Trainee: 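Dropping the structure in here first, questions after.
Just so you know, residue 1 is the first one in the sequence shown, and it goes up from there. Just so you know, these numbers come straight off a predicted model, no measurement behind them. Both counts, for ligands and for their atoms, begin at 1 and track the order of listing.
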Amino acid sequence: MPADSNAELLRYYEVYETIGSGGFAKVKLGRHILTGEKVAIKIMEKKDLGEDLPRVKTEIEAMKNLSHQHVCRLYQVIETSTKIFMALEYCPGGELFDYIIAKDRLSEDETRVFFRQIVSALAYVHSQGYAHRDLKPENLLIDEDHNLKLIDFGLCAKPKGGLGYELKTCCGSPAYAAPELIQGKAYIGSEADVWSMGVLLFALLCGFLPFDDDNCMVLYRKIMRGKYNSPSWLSTGSVVLLSQMMQVEPKRRITVRQLLDHPWVMKGYSSPVEWHSKHPLGHIDEDCITEMAVRLKRSRKSTVQLVSEWKYDHTTATYLLLLAKKQRGRPVRLRPDVPVVDIPASPPQELKSKTTLTFGEEAPSPSPLLLLSLGPPTDRQEKDAPWGVFSPKPLMENPRQIGVSEQPRAKVHPSPGRDRTHAEEHEQNKENLTILGSSQKDGDTFVLPAPRTPASCRKSTRSNKASLTTPTSYGPPAYSPNANRGSVSKEPLQCLDQRTQGLLEVVALSPERRSRSLDMATPQTDSAQKRKGAKVFGSLERGLDKVITMLTPNKKRALRDGPRRIKAQYNVTLTSQLNAEQVLNQILSILPEKNVDFVQKGYTLKCSTRSDFGKVTMQFELEVCLLTKPEVVGIRRQRLKGDAWVYKHLVEDLLSTCRV
Ligand code: ADP
């Protein structure tokens, strides 16, 4: 990653590990330096975006216009010459998709809690004139209070004449797409969203999809017929609601408004779904303004003016994150020990008229002309200029960025069959601590019929994170322990990623899944060649089993600090053991056997699997931790990249082999 991109981001944020990756973005955990709040930082490489750049712009513009308790909040946009960064509300609970997978399926009562939040988000989004057009459990994240937040507005549409106007672009994920949409007909965005919500509701209640098939055309036919099997455990009320939502004829489909007080939605509740925003756009909070004014040595009035420009720069981020602190009942305070970057302090005339500010006192506001030259550009300027252009400062100007590079060094433990030099390990370690220059592209593909936009194409190539599938359609688990065997490289992981980015093969997938991606993505001759290539490559390299295990001083230190103490959550497997060291050692011994590469940082193992071509097929974390209730050792799991089903089977296999 070029220094300029890094430096720009690191002026405002500390950047930590990768927490997810999508079709064209990598998402990292970050901390906003001035408020100390955690954020998710979505990182996009401009050169990789190509013709999908408009999609990112769409997402940013939509998110700037949306502020709702169940929509992920955008705090800041940073554009450099090579990258676009979005600082977003951090949702530590992961994707709803993984939550369903972890639980197999949800009870009707738990589903209702989530579904009410989904209805609330969509009613709001529609009320703002947007259709989301890519609703699925991967695009709903769980926040720290176990509430849902809608993400990924890259495919959303805001018809000029309002939501009642027809749209033409066919986009989204096929399994969730409405019949009128896959037929290429003009459609109403909000009606199509209701269909997708129906598929989503079915997935929550059943743990698999209502319409699914390896063959795209068969899948389309199933969707257009609108026939699906309702499992016996569904209540009559659920069956009725699902049929109202997955109604092939859009005009006969239930509307979001009708869902707000639908009998199924109301069961156990005394009021309809509250869809109005609890935090409307443009609301100015006095406490946050006061704190900022004091810190910036500005008058409250001019601070209000500055914040009210809503430029989604550092001012917006600081204000919104202070507000988030307040909403969680925490003190509305900026960190006193850090300098304020890129928020204009008091303009000269304020200083002239008042040198010290006390609470409630208003200094004269600067003239509009002065504001223009000192502060951020006006709306009009913003529209014409590239978004969020900043003057880069050298990396070392920000002392806190050292926090990023000061993280304890990690060690790469290649799986059998791969041997790396110290320099290569160092490269890999850097990847875990800083922002990666390359974004990984994934091979799983869904292709919708014409008309297709570049955006829909890219979205369709989104990660191996395919979609929920019917149990019958996939038979045996997709994970094959031997799938990765023999992928050898003497190159740093990062280089390998870049070199293999173009490959469509996802070798670690089951034959069923492989045929799905190949059928739809590549001409048969191509795929046949690639399959052949994979086989030859794999067999040449097989048998080179070598494991490097070294304890660096940093690793020893990290281990000395002991495992983290956490509360039991859905993604934590309880063990029957009390000794964390022992559990860690068991896992460490099993990973190489299962061809899983890992990087160890104390009690956390960053794991990855690769295809025979060296392409990363899966990334996940395992962390040995201590639980408080009950007092046992637990293993926290988190999928970062790759097919959720494959991940599920792999982790189950690992943990059962460990016999913890
Ligand atoms: P893309 O636009 O490339 O598809 P996404 O916005 O879907 O990327 O993000 C990719 C993944 O990163 C998500 O599926 C999720 O796991 C993770 N992620 C995205 N936003 C957040 C967030 N605000 N908090 C936590 N994780 C996030």
Trainee: Pull out every atom of ligand 1 sitting under 4.0 Å from any heavy atom of Lys42, numbered as shown with elements.
Mentor: 1 (P), 2 (O), 5 (P), 6 (O), 8 (O)
Trainee: For ligand 1, is there an atom lying under 4.0 Å from some heavy atom of Ser21?
Mentor: yes
Trainee: Using a 4.0 Å cutoff against the non-hydrogen atoms of Glu89, which atoms of ligand 1 qualify?
Mentor: 22 (C), 23 (N), 24 (N)
Trainee: What residue among Lys149, Arg73, Gln76, Met63 forms side chain to side chain contact (heavy atoms under 4.5 Å, CB included) with Leu88?
Mentor: Met63
Trainee: Do any nitrogen or oxygen atoms of Glu95 come within less than 3.5 Å of a nitrogen or oxygen of ligand 1?
Mentor: yes
Trainee: Any side-chain heavy-atom pair from Ile60 and Lys64 closer than 4.5 angstrom?
Mentor: yes
Trainee: Can you find an N or O of Cys91 that's nearer than 3.5 Å to an N or O of ligand 1?
Mentor: yes
Trainee: His68 side chain to Trp275 main-chain N or O, any donor-acceptor pair under 3.5 Å?
Mentor: yes
Trainee: Taking Arg105 for the side chain and Leu204 for the main chain, is one N or O donor matched with an acceptor at less than 3.5 Å?
Mentor: no
Trainee: If you count every heavy atom of other residues, nucleotides or ligands that lies below 6.0 Å from Lys38 atom NZ, does the total exceed 12?
Mentor: no
Trainee: Could you list the atoms of ligand 1 found under 4.0 angstrom from a heavy atom of Cys72?
Mentor: 23 (N)
Trainee: Taking heavy atoms and a distance under 4.0 Å, where does Met44 meet ligand 1: side chain, backbone, both or neither?
Mentor: neither
Trainee: For ligand 1, which atoms sit closer than 4.0 Å to a heavy atom of Ile19?
Mentor: 25 (C), 26 (N)
Trainee: Would the Tyr220 and Phe211 ring centres measure less than 6.0 Å apart?
Mentor: no
Trainee: Does an N or O from Ala25, backbone or side chain, lie closer than 3.5 Å to an N or O of ligand 1?
Mentor: yes
Trainee: With respect to Phe153, which candidate in Leu74, Asn139, Asn65, Val71 satisfies the side chain to side chain contact (heavy atoms under 4.5 Å, CB included) definition?
Mentor: Val71
